[in-house]
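Values in this document were obtained by computation on a predicted structure and should not be read as measured data.
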Amino acid sequence: MSPLELVDEKWNEQGAESALSVRGMTVSYGESPAVFSVDATVPAGSMTAIVGPNGAGKSTFLKAVLGIVTPLSGTVTVFGRPLAEARENIAYVPQRASVDWDFPVRVIDVVLMGLYRELGLLGRLRKADRARAIDCLSRVGMDGFAERQIGQLSGGQQQRVFLARALAQDADLYVLDEPFAGVDAATERAIISVLKELRAEGRTVVAVHHDLSTVAEYFDRVMMINVRKIAEGDVGEAFTPETLQATYGGRLATTQIDQLTVPA
């Protein structure tokens, strides 16, 4: 067996044991790549933050992994299966700014959308389906808002509703794009509590995250990216002054970096 085949065999073994495996992901919106040749392996049952400066390709990488944008190259496996065969295992929470909040729909209807894979577009809703949706709203503290129009809610409340929709999918892998951006402190606490509950249940969480001060508190793993992957691994090993400097360069002062990391 050639050295290349040995590497591929090792990768396949890791992929089969991982919730998410990405190899050679490259995405370009023009002449310059937004993401270049990124590999990543997310262990099952972990919480991983994807961090990097603005314009580093974090959200683009996530969307390419999910097939929302088409990459120039790259392979994705989810629990050892190709993405196309494993979509039912994934729940996605997009950036709040990308959603049309003026669309006239009730909160309960938004959550019920998470059941469309089970029900189909023309499937009839049962009492049990509504009860499941209400339970998901209860987990994020929004069960009292079921009949409200989604556009009447605050930004933090809207984000909680979209997390409830993801919970309704009962997925094994939860992928979130900046779930804490623009939300109030109470919503942030509510969201991270639910995400940690998911991890305790054996689910896997991957989130684009912008607040470096909470990485070590919220996540057990981190992937640092600035077009290319800079580092990946357990927070205590990968989230270091050296990797922060390599990822952010002069955008972070040395004193900031020292405050963000915990000495080994």
Side-chain angles (χ1 to χ4, degrees), residues 19-20 42-51 58-59 62 65-66 78-79 87-99 101 106-118 128-148 150 153-223 235:
L20 177 67
V42 178
S46 65
M47 283 183 64
T48 298
I50 301 177
V51 302
K58 304 183 296 295
S59 293
L62 208 63
V65 166
L66 296 173
V78 178
F79 297 102
R87 293 190 182 278
E88 71 277 6
N89 295 109
I90 306 171
Y92 172 54
V93 179
Q95 287 188 19
R96 197 175 62 83
S98 67
V99 177
W101 297 108
R106 297 176 305 165
V107 165
I108 188 68
D109 296 323
V110 171
V111 180
L112 288 168
M113 290 176 188
L115 303 178
Y116 80 93
R117 286 178 183 153
E118 297 179 24
D129 298 322
R130 181 181 173 85
R132 178 169 158 188
I134 292 295
D135 180 64
C136 291
L137 282 170
S138 178
R139 289 186 68 177
V140 299
M142 290 295 294
D143 47 312
F145 295 79
E147 300 301 322
R148 290 275 191 94
I150 190 71
L153 305 183
S154 69
Q157 290 171 334
Q158 290 170 343
Q159 191 73 325
R160 294 194 201 198
V161 171
F162 264 59
L163 177 56
R165 183 184 69 168
L167 294 175
Q169 294 178 241
D170 195 26
D172 297 305
L173 172 61
Y174 287 81
V175 179
L176 306 94
D177 197 350
E178 298 205 22
F180 308 114
V183 304
D184 56 277
T187 292
E188 183 162 332
R189 289 193 298 270
I191 290 174
I192 194 61
S193 177
V194 171
L195 297 183
K196 288 185 175 182
E197 288 174 4
L198 290 172
R199 180 185 57 186
E201 295 168 3
R203 320 293 178 110
T204 306
V205 176
V206 178
V208 172
H209 190 55
H210 68 285
D211 184 1
L212 296 177
S213 68
T214 56
V215 168
E217 177 185 357
Y218 289 176
F219 299 90
D220 46 58
R221 290 179 59 82
V222 66
M223 173 182 166
V235 168

[atom1]-[atom2] distance between [X] and [Y], expressed to the nearest 0.5 angstrom:
X: Met47; Y: Arg203; atom1: CE; atom2: CZ; result: 14.0 Å
X: Ile191; Y: Phe180; atom1: CD1; atom2: CZ; result: 6.0 Å
X: Arg148; Y: Ile108; atom1: CZ; atom2: CD1; result: 14.0 Å
X: Leu163; Y: Thr187; atom1: CG; atom2: OG1; result: 10.5 Å
X: Thr204; Y: Leu20; atom1: OG1; atom2: CG; result: 9.0 Å
X: Glu188; Y: Arg160; atom1: CD; atom2: CZ; result: 11.0 Å

Take Tyr218 and Leu195 through the side-chain contact (heavy atoms from CB on, under 4.5 Å) test and state the conclusion after the steps.
CA-CA 9 Å; Tyr218 289 176; Leu195 297 183; over 6 Å; no

Closest non-hydrogen atom pair between [X] and [Y], with its separation:
X: Gly156; Y: Asp184; answer: CA-OD1, 3.9 Å
X: Asp129; Y: Leu112; answer: O-CD2, 3.7 Å
X: Ile134; Y: Ala146; answer: CD1-CB, 3.7 Å
X: Ala166; Y: Ala91; answer: O-CB, 3.7 Å
X: Gln169; Y: Gly114; answer: CG-O, 3.1 Å
X: Ser138; Y: Asp143; answer: CA-OD1, 3.6 Å

With a 4.0 Å cut-off, would you call Asp220 and Arg199 a salt bridge?
yes

Backbone of [Y] reached by a side-chain donor or acceptor of [X] within 3.5 Å:
X: Gln95; Y: Glu178; result: no
X: Gln158; Y: Ile150; result: yes
X: Arg165; Y: Val110; result: no
X: Thr214; Y: Glu217; result: no

Determine whether [X] and [Y] make a side-chain contact, defined as any pair of heavy atoms from C-beta on separated by less than 4.5 Å.
X: Met142; Y: Val111; result: no
X: Arg139; Y: Leu198; result: yes
X: Ile50; Y: Val206; result: yes

The criterion is ring pair (Phe, Tyr, Trp, His ring centres under 6.0 Å); which residues satisfy it with Phe219, sequence neighbours excluded?
His209

For Arg87, enumerate each residue passing the side chain to side chain contact (heavy atoms under 4.5 Å, CB included) test, keeping only those at least two apart in sequence or located in another chain.
Leu83, Arg117

Taking it one step at a time, do Asn89 and Asp172 satisfy side-chain contact (heavy atoms from CB on, under 4.5 Å)?
CA-CA 5 Å; Asn89 295 109; Asp172 297 305; 2.8 Å; yes

